[in-house]
Amino acid sequence: MSEYPHLLSPLDLGHVTLKNRVLMGSMHTGLEETRDWNRVAEFYAARARGGVGLMVTGGMAPNREGGVFPGAAGLFTPEDIANHRIVTNRVHEAGGLIAMQILHAGRYAYGKECVSASAIKSPISPFTPKELDEEGIEKQISDIVTAAARAREAGYDGVEIMGSEGYFLNQFLVTHTNKRTDRWGGSYENRMRLPIEVVRRARAAVGSDFIIIYRLSMIDLVPGGSTHAEVVQLAQEIERAGASILNTGIGWHEARIPTIATSVPRAGFAWVTKKLMGKVGIPVITSNRINTPEVGEAVLADGAADMVSMARPFLADAEFVNKAAAGRSATIAPCIACNQACLDHTFSGKLTSCLVNPRACHETELVIAPATASKRIAVVGAGPAGLSAAITAAGRGHQVTLFDRATELGGQLNMAKVIPGKEEFRGLVDWFAVMVEEAGVDLRLGQEVTADDLDGFDTVIIATGVIPRDPAIPGQDGPNVVSYIDVLRGGAEVGRRVAVVGAGGIGFDVSEFLVHEGISPTEDIALWRAEWGVGDPAEVRGGLAEQGPQPEPPARKVTLLQRKAEAPGKRLGKTTGWIHRAALKMKGVEMIGGVNYERIDAEGLHVSFGAARERPTLIEADTIVLCAGQLSERSLADALEARGITAHVIGGADLAAELDAKRAIDQGTRLAATL
Ligand code: FAD
Ligand code: NAP
Ligand code: SF4
């Protein structure tokens with residue numbers, strides 16, 4: 001009997017049976033826009049081989065005005081259809097099923113031609129949409145229906161009609177964005193008309209033996225959003241109109257509540273989908289922050305849905321389902337929900353990848369083949385750079401010895417994992433430990449390596465990481481000054497009033513650590529909902545709690561400082577920086593930019609402002625925590641160089657500036673693929 005009886009049970013849709021209850025949710029990867037169809041096909045085929053029940057592509061535009069950005073991919077020409085057939089054929093050969101998502105962005109489309117129910121600009125777009133007239137609405141319906149018919153022609157097994165996340169169809173549903181007085185606006189019956197018409201006509205166009213998934217926003221998280229009663233009414237109408245499956249959408253893109261970031265509890269919105277269970281006759285999929293087979297199984301066993309959608313976990317590991325089915329779930333590379341290489345890339349116009357798995361979307365370019373000759377390789381440093389190099393090299397057949405002076409592997413990831421809201425890093429460290437063993441790496445912990453220890457190896461890789469930068473503030477030798485390492489690893493005593501020097505990623509994380517005590521909201525859904533003000537859509541419109549966010553009182557009074565005269569946190573992750581800033585603001589953290597650090601004494605930290613060192617100010621603090629960035633730890637690399645020994649230097653040891661685990665893992669993996 002499988003460990004995951006619910007997750008791995010088939011789902012009969014009438015004309016087709018899905019082999020399990022796992023959907024790979026839609027992700028915009030940017031691959032289609034490369035027009036390298038072999039690459040696109042390989043991305044999906046790898047996931048099909050990995051055993052997933054059904055996949056949904058990234059959103060395809062039904063027309064130019066509805067594309068998320070200018071030039072967004074879609075099925076516009078016979079050539080497009082032929083290209084997509086390359087993908088669907090490859091997926092079918094691999095034993096998979098694939099549906100194409102049709103995504104009309106409405107007022108979220110990045111372009112002057114964007115259209116919507118009413119001419120109301122979204123807070124996250126510079127463009128005011130054109131209000132559609134009757135003819136314009138008919139054109140949009142017809143374009144979406146044509147896209148569905150073309151998807152069938154291109155060999156897809158179905159389509160997903162994107163009706164959530166605040167996109168076009170969603171914009172008609174709520175009065176916040178729909179001020180119309182014709183048959184497409186006003187009453188809820190009128191506002192629902194567009195999605196229902198789209199599904200009804202799409203079904204008529206594609207026939208009965210084709211999957212239609214409708215992605216329905218079950219909690220809008222915006223003012224004036226739908227109530228649960230409206231969600232149920234819409235779901236029932238969409239079923240009547242011919243949908244085969246309902247998928248869950250959580251929150252509009254403009255919502256000020258995190259919905260998929262790492263600090264959102266696992267399966268933190270499954271309760272929303274559960275409210276719809278039993279009210280429709282077609283299968284219902286739940287989504288958001290489901291990232292392990294255990295979580296997926298628990299959600300299904302709880303009756304919260306008929307199927308689970310996971311998207312980013314399939315970037316982290318294409319073999320997710322096969323590994324779960326084989327009882328090898330500990331070897332599944334975990335999605336830590338960081339967004340660093342996926343959504344942050346998408347929103348920066350870069351091709352998607354994955355922090356944990358640099359091969360994601362690079363399957364045809366980063367090929368890890370068996371080595372032609374087995375070498376003896378020493379890797380010094382078991383942080384993410386060294387770990388990735390070690391497991392990749394060993395996986396290729398090399399004999400790898402991995403050293404670390406610490407008594408646990410993971411390097412700085414062991415500090416990341418203690419930050420409230422970053423618990424997912426624990427899973428990443430655990431996965432590395434499993435993979436080191438699987439790959440047969442000879443792990444030597446608790447061993448400080450010197451140049452003398454590295455004789456006799458064919459290849460040496462130095463991954464010794466970083467050392468904290470010394471900010472050289474007068475008085476920093478005092479007893480009230482500690483470094484982030486003392487706090488996160490050494491358990492240093494920290495007083496009630498704290499000044500944090502440096503507002504980079506680590507300064508923000510340390511502040512988060514210091515304002516929390518007790519259980520992390522990320523591990524307690526009720527606490528997390530209260531913190532962000534997530535109410536029940538059966539009680540409050542859109543699921544926005546009437547009293548707003550109610551965070552626990554801060555454990556300490558923290559002041560976060562930086563020298564740059566810009567808003568602190570401006571350079572944090574593109575899609576997650578706002579969450580870190582908002583979370584600290586809610587905890588009363590004062591953020592001050594543009595300071596000069598003058599001195600530290602028993603009263604606290606003395607600062608001034610501007611080139612003329614004006615406005616001398618005392619930041620009263622019991623403890624000052626230094627988070628002033630990092631420098632490469634190159635002592636071993638330099639010692640080897642002095643002996644004329646050539647070593648490969650990776651990760652922080654190579655370049656500390658703007659180093660993160662994404663770059664460390666990518667560099668380690670890529671190097672090891674070439675040895
Ligand atoms: P390290 O992780 O520093 O590992 C180097 C290893 O080398 C250490 O284990 C050390 O003990 C060992 N070593 C050094 N010298 C020797 C020697 N002579 N002999 C034996 N062993 C030696 N990055 C992200 O991408 N996302 C995040 O959200 C994130 N959050 C973070 C939060 C915190 C609090 C911290 C501190 C870091 C965070 N980072 C994050 C940064 C990320 O952890 C680092 O970029 C990454 O760990 C660097 O990897 P590395 O392998 O180069 O070095
Ligand atoms: P960082 O992001 O480079 O920030 C260093 C901070 O120290 C800055 O605020 C900088 O601002 C300040 N600083 C630099 N030199 C200083 C000096 N001489 N004196 C006083 N202050 C100084 O580095 P980090 O915070 O140490 O993080 C290290 C790496 O880990 C980063 O590259 C980051 O990508 C990664 N990380 C990522 C995350 C994440 O969530 N993605 C989280 C944590 C860490 P001023 O120069 O303006 O004072
Ligand atoms: Fe998950 Fe981060 Fe990889 Fe994106 S980059 S898939 S969030 S681990």
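Please read all numbers here as calculations on a predicted model, not as lab measurements. One-based numbering, in listed order, for ligands and for the atoms of each.
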Can you pull out the closest protein heavy atom to [atom]? Residue, atom name and distance to 0.1 Å, please.
| atom | result |
| --- | --- |
| atom 2 (Fe) of ligand 3 | C338 SG, 2.4 Å |
| atom 5 (S) of ligand 3 | L355 N, 3.2 Å |
| atom 32 (O) of ligand 2 | L659 O, 2.8 Å |
| atom 1 (Fe) of ligand 3 | C335 SG, 2.4 Å |
| atom 3 (Fe) of ligand 3 | C354 SG, 2.4 Å |
| atom 1 (P) of ligand 2 | G504 CA, 4.1 Å |
| atom 52 (O) of ligand 1 | G652 N, 2.7 Å |
| atom 8 (S) of ligand 3 | I336 N, 3.3 Å |
| atom 4 (Fe) of ligand 3 | C342 SG, 2.3 Å |

Under 4.0 Å, heavy atoms only, figure out whether ligand 2 is touched by the backbone of E658, its side chain, both or neither.
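Just the backbone.
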Heavy atoms only, cut-off 4.0 Å: how does D509 contact ligand 2, side chain, backbone, both, or neither?
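It is the side chain that touches ligand 2; the backbone stays farther off.
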Under 4.0 Å, counting heavy atoms only: does [X] come that close to any atom of ligand 2?
| X | answer |
| --- | --- |
| E566 | no |
| G573 | no |
| Y484 | no |

My understanding is that we take every heavy atom of each candidate and find the minimum distance to [atom]. Doing that for [options], which one comes out nearest?
| atom | options | value |
| --- | --- | --- |
| atom 37 (C) of ligand 2 | A472, G505, A661, A628 | G505 |
| atom 18 (N) of ligand 1 | E424, E448, E512 | E448 |
| atom 39 (C) of ligand 2 | H580, Q412, K422 | K422 |
| atom 5 (C) of ligand 1 | A463, G381, A656 | A463 |
| atom 6 (C) of ligand 2 | C627, G507, A657 | C627 |

Please confirm whether [X] comes under 4.0 Å of ligand 1, counting heavy atoms of the residue only.
| X | answer |
| --- | --- |
| R663 | no |
| P384 | yes |
| F513 | no |

Any nitrogen or oxygen of [X], side chain or backbone, less than 3.5 Å from one on ligand 2?
| X | result |
| --- | --- |
| D470 | no |
| K564 | yes |
| A503 | yes |
| I506 | yes |
| R469 | yes |

Which of the numbered atoms in ligand 2 are under 4.0 angstrom from any heavy atom belonging to G629?
5 (C), 7 (O), 23 (O), 26 (O)
Closer than 4.0 Å to some heavy atom of P471 - which atoms of ligand 2 meet that?
19 (N), 20 (C)
For E437, is the CD atom crowded, meaning more than 12 foreign heavy atoms sit under 6.0 Å from it?
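Count not over threshold, so no.
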Please determine whether the number of non-hydrogen atoms from other residues, nucleotides or ligands lying under 6.0 Å from atom CD of E365 exceeds 12.
yes
Please state which part of A337 comes within less than 4.0 Å of ligand 3, counting heavy atoms only: side chain, backbone, both or neither.
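The part of A337 near ligand 3 is the backbone, not the side chain.
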Kindly indicate whether [atom] is approached by any protein heavy atom to under 4.0 angstrom.
| atom | value |
| --- | --- |
| atom 39 (N) of ligand 1 | no |
| atom 35 (C) of ligand 1 | yes |
| atom 3 (O) of ligand 2 | no |

Pull out every atom of ligand 1 sitting under 4.0 Å from any heavy atom of [X], numbered as shown with elements.
| X | answer |
| --- | --- |
| Q447 | 19 (N), 20 (C) |
| L355 | 25 (O) |
| L659 | 45 (O), 48 (C) |

Heavy atoms only, cut-off 4.0 Å: how does L409 contact ligand 1, side chain, backbone, both, or neither?
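The answer is neither.
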Would you call the rings of F347 and H253 parallel, tilted or perpendicular, taking 30° and 60° as the class edges?
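F347 and H253: perpendicular rings.
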